[in-house]
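Lettering follows sequence order; numbering is per chain, from 1.
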Amino acid sequence: MSAPVSPGLRSGSLPLLVALMTLLGGLSLAGLTGVQTLAEGWAGAARNATTIEIPSDTPQLEDRTRTLIQTLHKTPDVTTVRELSPQQVQTLLAPWLGQISDSGHLPGLSLPVVLIIAHTGTPDLGKIVHETLPEAVVEEDRRWGERLNGLGISLVACAWLAVSLIAAIAILSVGMTVRRSVMAQRKAVEIVHFLGAGDMMISSRIAGRAALLSLAGGLTGLFFLSPVITMLARKLAPFSRDAGPIALPATTWQSMLVSEWNTLHVLPHLLLEELGALPLIAACLGWLTAQTVVLVWLRRLP
Amino acid sequence: MIRLLNVSMMPPDVGQPVLRNLTLTVPQGEFRWLLGASGAGKSSLLRLLTLETRPSAGQMDLLGVSISQASRTTLRNLRRRIGFVPQDYRLIGEWTVFDNVALPLRLRGASERDTRREAFAVLEWLDVAHLADKRPGTLSGGEQQRAAIARALIGRPEVLLADEPTNALEDAQARRLLATFQELVEMGTTVIVATHNEALIRETPAASIILQDGTLAGTDIQDGIAALRSNKA
Ligand SMILES: Nc1ncnc2c1ncn2[C@@H]1O[C@H](COP(=O)(O)OP(=O)(O)O)[C@@H](O)[C@H]1O
Ligand SMILES: [Mg+2]
C-alpha cells in the first residue's frame, strides 16, 4: 500500500448508486436496441414486398403471366415470387367483395391474378412489369411502409429520449454523490492543504478513489444486468438472420454458459460495446466530478 | 524571519477585523511567547502566520517571501517549511498516528526509510511511539496533542508555531517540550508559542507578543502575565 499523503474517499452510496444507474442505463439501452430492431424489421418488411395484380381480362393471361414470373425471377434483388391461389385471392378480397357463395365464384366477376414479390433493395419492378405486361397494376406497399416507418421513427425517438433522460439523471446523481463524499473529507483535505500538499496531489488521489468506487459500482451493475441482456438476446435470436446454429438443449452448466454466450452474438455489437463501456463511463464520470469539485474548492483556499 | 507591517486580518464573513494594524518583527532563530486574554486574537495571528489566510491589509514577510504578492505555489512551498501545533490538533481521523506524523516529511518527498526513522524518533521522544498504529480518535487528549506536536517537530521546520501546546500535557511533559523548543531555537528555528500557562512563562522568561482586542499591546512579559490575570478575573 502506498503511503498516504492526501485523504482518500469513502462512500458506500457511490458504488451502490453507480450500480443502480448502470442497471437502469443498460436496461434503457437494451430497450432502445429492441425498439430499433423492431422498427427496422417493420420498415424492411413493408419496403421489401410488392404486390402485382393482373386483371383477368388480360389477353393471353396465362402465358404472359408465366413470362412475367420468369422475368421477375431473373431480376436481381428479387428473392421470391409467389402466385396466390384463387382461394387466397378470394380471401384477400373478401372484405371488399363480401363472402363468396358456395359456388366459389362471384357472379359476373372473375378474379385477378395476384403475385407477391419479396425482394431486397429497391428494384424498379414498375418498369419491368410495365414492359412485359402493361395491363398489370403494381401495388408497392409504400404507403404502409411509410406509416410503419413513421411509427418506428417516433418509437425510436421516444426510446432515445428515455435513454438521454436516464443518462442525464445518472450523471447528475453520480456527480452529486461524489460531491457529497468529497465534502465529507473537507476537514482532512484542509489539513493536508495547510501542511503544504499540492492541489493536484490532493485532487488526484480523491479522484482516483472516486473512479475506482464508480468502476466497482458499474461492474456490479453490469453483472446484475447480464441475465436481462441474455434473455433479450434469446428473444431477439429468432429475428436475427445470422443467428448461427441453434444451440443444443443445455445439459451441463458449462454448455449452458456457452450457449448463453453464443446467444449474445445475436445482439448488435454496438449494444454490447455500449454496455461494456458503461462501467468505464461511470469511472470517468466519477474521476472528472471529483477532480473538478476538489480543485474548484481548493482554489478558494489561499 | 517574520515581519508584519500594519497588518489587519478580517475573516470572510465578519464585518470587523480580528487583527488590526499589527506591526512586529521576529528575527530568525528567536523565541516569542504569544500572550493575551482569551479572544485577543492569538489564534488568528497564528492562522495568519501558518498561511491559512492572507492579510486583508498591510505587509507580511515570512522567511523572505512577501505574502501578499506570493503565488499559491509559493505559499505551498512555504507551508512545508513551517511547523504548526493547532489548538484543536487537527489530526486526520482515518489515518494512523504514524501516517499523520509522517505527512510533512512525505510531502517534502523524503524516502520511506528516512520518514520511518524520523517519525519513530520523534514519537519516542514524546512517549507515544507505542501508539503509532492507533487512530487518533482512540487516543486521550494529551496523547493526541503529543501526536500533533510530533507532526510539527518532524523534519525540523524553520518556523514553529504552537497554539496552547501544553494544554493537555502534564507539567513535566510541558517543561520537556519547552526545553525542546529552546533547542530548536538554538539550531535556528523561529518559535512562537501561544499559551495561558503562567507557571511555564515564569520559568522561561522571554520576549513576548502581547495582544489585546486584536492589536499589539506590548512586548514585556510582565505585561503579558498581567493580561493573563485580567482574563481570569
Ligand atoms: N473565522 C472567524 N470568524 C469569526 N470570528 C472570528 C474568526 N476567527 C476569530 N474570530 C474572532 O476573533 C477574535 C479573536 O479570536 P482568537 O484569535 O481565536 O482569539 P484567542 O486565540 O486569542 O483566544 C474572537 O472574538 C473570535 O470570535
Ligand atoms: Mg486561541
[X] side, atom [atom1]; [Y] side, atom [atom2] - distance, nearest 0.5 Å:
{"X": "A/Ile191", "Y": "B/Trp95", "atom1": "CD1", "atom2": "CH2", "answer": "9.0 Å"}
{"X": "B/Arg108", "Y": "A/Leu195", "atom1": "CZ", "atom2": "CG", "answer": "10.5 Å"}
{"X": "A/Ser6", "Y": "B/Ile92", "atom1": "OG", "atom2": "CD1", "answer": "7.5 Å"}
{"X": "A/Leu301", "Y": "B/Thr53", "atom1": "CG", "atom2": "OG1", "answer": "11.0 Å"}
{"X": "A/Phe194", "Y": "B/Leu75", "atom1": "CZ", "atom2": "CG", "answer": "10.0 Å"}
{"X": "A/Lys187", "Y": "B/Asp88", "atom1": "NZ", "atom2": "CG", "answer": "7.0 Å"}

task = Side-chain contact test, heavy atoms from C-beta onward, threshold under 4.5 Å: evaluate it for A/Gln185 versus B/Glu94 and give yes or no.
result = yes
message = Using every non-hydrogen atom in the two residues, find where A/His193 and B/Arg72 come nearest and quote the distance to one decimal.
response = CE1-NH2, 3.8 Å
Which portion of [X] sits near chain A, non-hydrogen atoms under 4.5 angstrom:
{"X": "B/Glu52", "result": "both"}
{"X": "B/Arg81", "result": "neither"}
{"X": "B/Leu91", "result": "backbone"}
{"X": "B/Leu51", "result": "backbone"}

key: NZ/NE/NH1/NH2 to OD/OE distance under 4.0 Å, B/Arg76 and A/Asp199   = no
query = More than 12 heavy atoms of other residues, nucleotides or ligands under 6.0 Å from CZ of B/Arg156: is that the case?
reply = no
ask   = For A/Ala197, does its backbone N or O pair with a side-chain atom of B/Arg80 as donor and acceptor, under 3.5 Å?
value = no
